[in-house]
Chemist: 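Below: one structure in structure tokens.
Numbering of ligands and ligand atoms starts at 1, following listing order.
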Amino acid sequence: MVEDSRISGFYKLSLEERVKKLAEVTGIPIEDLEPLADPGKMDMEILEHMIENVVGSMTVPLGIATNVRINSKDYLVPMAIEEPSVVAAASNAARMTRPYGGFFATDTGPIMIAQIQSINVPAPFEAKLRIIESKDKILELANEQDPILVRFGGGAKDIRVRIIDSSIGPMLITELIVDTRDAMGANAVNTMCEALAPMIEKIGGGKVLLRILSNLAELRLVRVRATFDKELLGGEEVVDAIIAAWAFAEADPYRCATHNKGIMNGIDAVVLATGNDFRAIEAGAHSYAAMGGYSSLTKYEKDNEGNLLGSIEVPMAVGLIGGATKVHPVARLSVRILDVKTAVELGHVIASVGLAQNLAALRALASEGIQRGHMSLHARNVAATAGARGDLVDRVAEILVREKNVKVERAKQILNEFKKG
Ligand code: MEV
């Protein structure tokens with residue numbers, strides 16, 4: 001467990017120094033962290049067997065968000081993303097929650113929904129009740145497909161049956177509710193549904209067609225709340241401006257798409273770093289946001305002292321076992337750095353980063369705009385690339401921004417001037 005995720009000046013270190021610091025803070029031996037900084041060392045044989053027609057690999061930067069504390073535990077959070085500013089923004093927003101204890105997360109458990117579609121059902125109302133009456137038999141057959149999951153306390157727990165209207169007439173949809181424990185669960189629930197198809201046909205009549213999980217994982221929610229310190233945010237005016245920015249998203253789908261996209265910047269980066277399926281998470285988040293008319297995944301209000309209260313509620317179908325999470329060396333390291341013990345704990349971290357990301361974007365948008373922050377972060381990276389270290393990173397970056405000439409060549413000249421004099 002990381003004792004304190006607040007590592008001041010982390011961004012000012014060189015890449016090698018950062019990896020060293022990471023080893024020191026997490027207690028992970030530095031040799032084990034090697035695949036992070038040297039993707040060339042990654043075993044191509046592993047990648048070759050992950051998908052088809054492999055010809056190579058594509059790397060994206062992996063950064064570490066600092067300052068994240070959730071339910072009294074500190075986390076260093078690996079984020080895989082090509083977009084600048086995201087990691088810095090998450091770290092900065094997380095810092096603003098620390099005076100009030102960080103993030104507080106709860107969940108509804110790792111519960112997935114899987115669907116069995118029956119068409120041409122002669123008497124759908126009757127069929128619906130017959131299927132409900134056969135619940136025990138259905139659950140028994142489903143659970144026979146995955147005794148290991150059942151042994152760990154998971155498995156099929158319930159069913160629900162709906163009749164839906166469609167452009168080709170009514171359909172009967174049998175939904176299996178499955179506790180997938182620490183797995184994302186796609187394989188487990190799809191196997192169960194396929195095994196159940198003949199039974200459903202026999203009980204309900206008609207023809208079973210699709211047997212597949214739903215990414216609208218409305219029973220696998222994570223909820224996170226945090227208090228963002230008014231002073232750290234920049235005062236009560238900024239707090240009000242953030243609330244107004246959020247209200248814009250709630251009122252307008254054009255804005256809301258971008259608002260939620262900002263949330264997903266944080267969410268997807270941790271999902272990808274841990275080898276989870278970010279398309280599934282995207283589908284779940286946006287479809288959940290659309291359930292009562294497309295709206296924001298986050299909410300904001302003020303407490304009595306004028307601090308900002310932020311919260312998020314989002315489906316979180318991620319796992320710790322199986323898939324890329326278990327085979328990809330960097331994903332495995334990310335899980336080790338996070339030190340999460342269960343899939344729901346991982347979900348807490350991901351949703352917290354989503355909230356932090358959203359807060360950071362709204363704060364920037366509602367005050368100076370995002371371009372200035374982008375520019376100064378870019379300038380820091382350029383200064384570091386030119387060889388600046390420690391405090392020189394900020395000093396060189398400041399001059400680059402002031403001169404509006406953010407180039408490595410100019411950074412080198414400035415560095416030389418500092419050295420001379
Ligand atoms: C950019 O990737 C994300 C933002 O557009 C999010 C937002 O507008 O809230 C900054």
Chemist: Show the atoms of ligand 1 that are less than 4.0 angstrom away from any heavy atom in K261.
Modeler: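 Under 4.0 Å from K261, ligand 1 has these atoms: 1 (C), 2 (O).
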Chemist: Quick check: does H259 get an N/O under 3.5 Å from an N/O on ligand 1?
Modeler: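 Not met; the criterion fails.
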Chemist: Does any N/O atom on N358 come nearer than 3.5 Å to any N/O atom on ligand 1?
Modeler: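 Min N/O separation from ligand 1 is not below 3.5 Å for N358.
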Chemist: Just checking, is any N or O donor in the side chain of N265 or K261 under 3.5 Å from an acceptor N or O on the other one?
Modeler: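 Yes.
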Chemist: State the atoms of ligand 1, each with its element, that fall below the 4.0 Å cut-off from a heavy-atom position in E83.
Modeler: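 That gives atoms 1 (C), 2 (O) of ligand 1.
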Chemist: Closer than 4.0 angstrom, basic N to acidic O: yes or no for R332 and D32?
Modeler: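 Not counted as a salt bridge, because no side-chain N and carboxylate O are separated by less than 4.0 Å.
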Chemist: Which atoms of ligand 1 sit under 4.0 Å from any heavy atom of L365?
Modeler: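 What qualifies from ligand 1 is 7 (C), 8 (O), 9 (O).
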Chemist: Are any of the side-chain nitrogens in R211 or E194 under 4.0 Å away from the carboxylate oxygens of its partner?
Modeler: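 A salt bridge is absent here (no side-chain N lies under 4.0 Å from a carboxylate O).
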Chemist: Of the choices R255, Q357, R363, which has the non-hydrogen atom that lies closest to atom 7 (C) of ligand 1?
Modeler: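 Comparing heavy atoms across R255, Q357, R363, the nearest one to atom 7 (C) of ligand 1 lies in R255.
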Chemist: How are the rings of F228 and Y300 set relative to one another: parallel (under 30°), tilted (30 to 60°) or perpendicular (over 60°)?
Modeler: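 Tilted, since the angle between the ring planes falls between 30° and 60°.
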Chemist: Testing the 3.5 Å rule here: is there a donor-acceptor pair between the side chains of T298 and N358?
Modeler: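 Checked: T298/N358 side chains pair up, N/O donor to acceptor below 3.5 Å.
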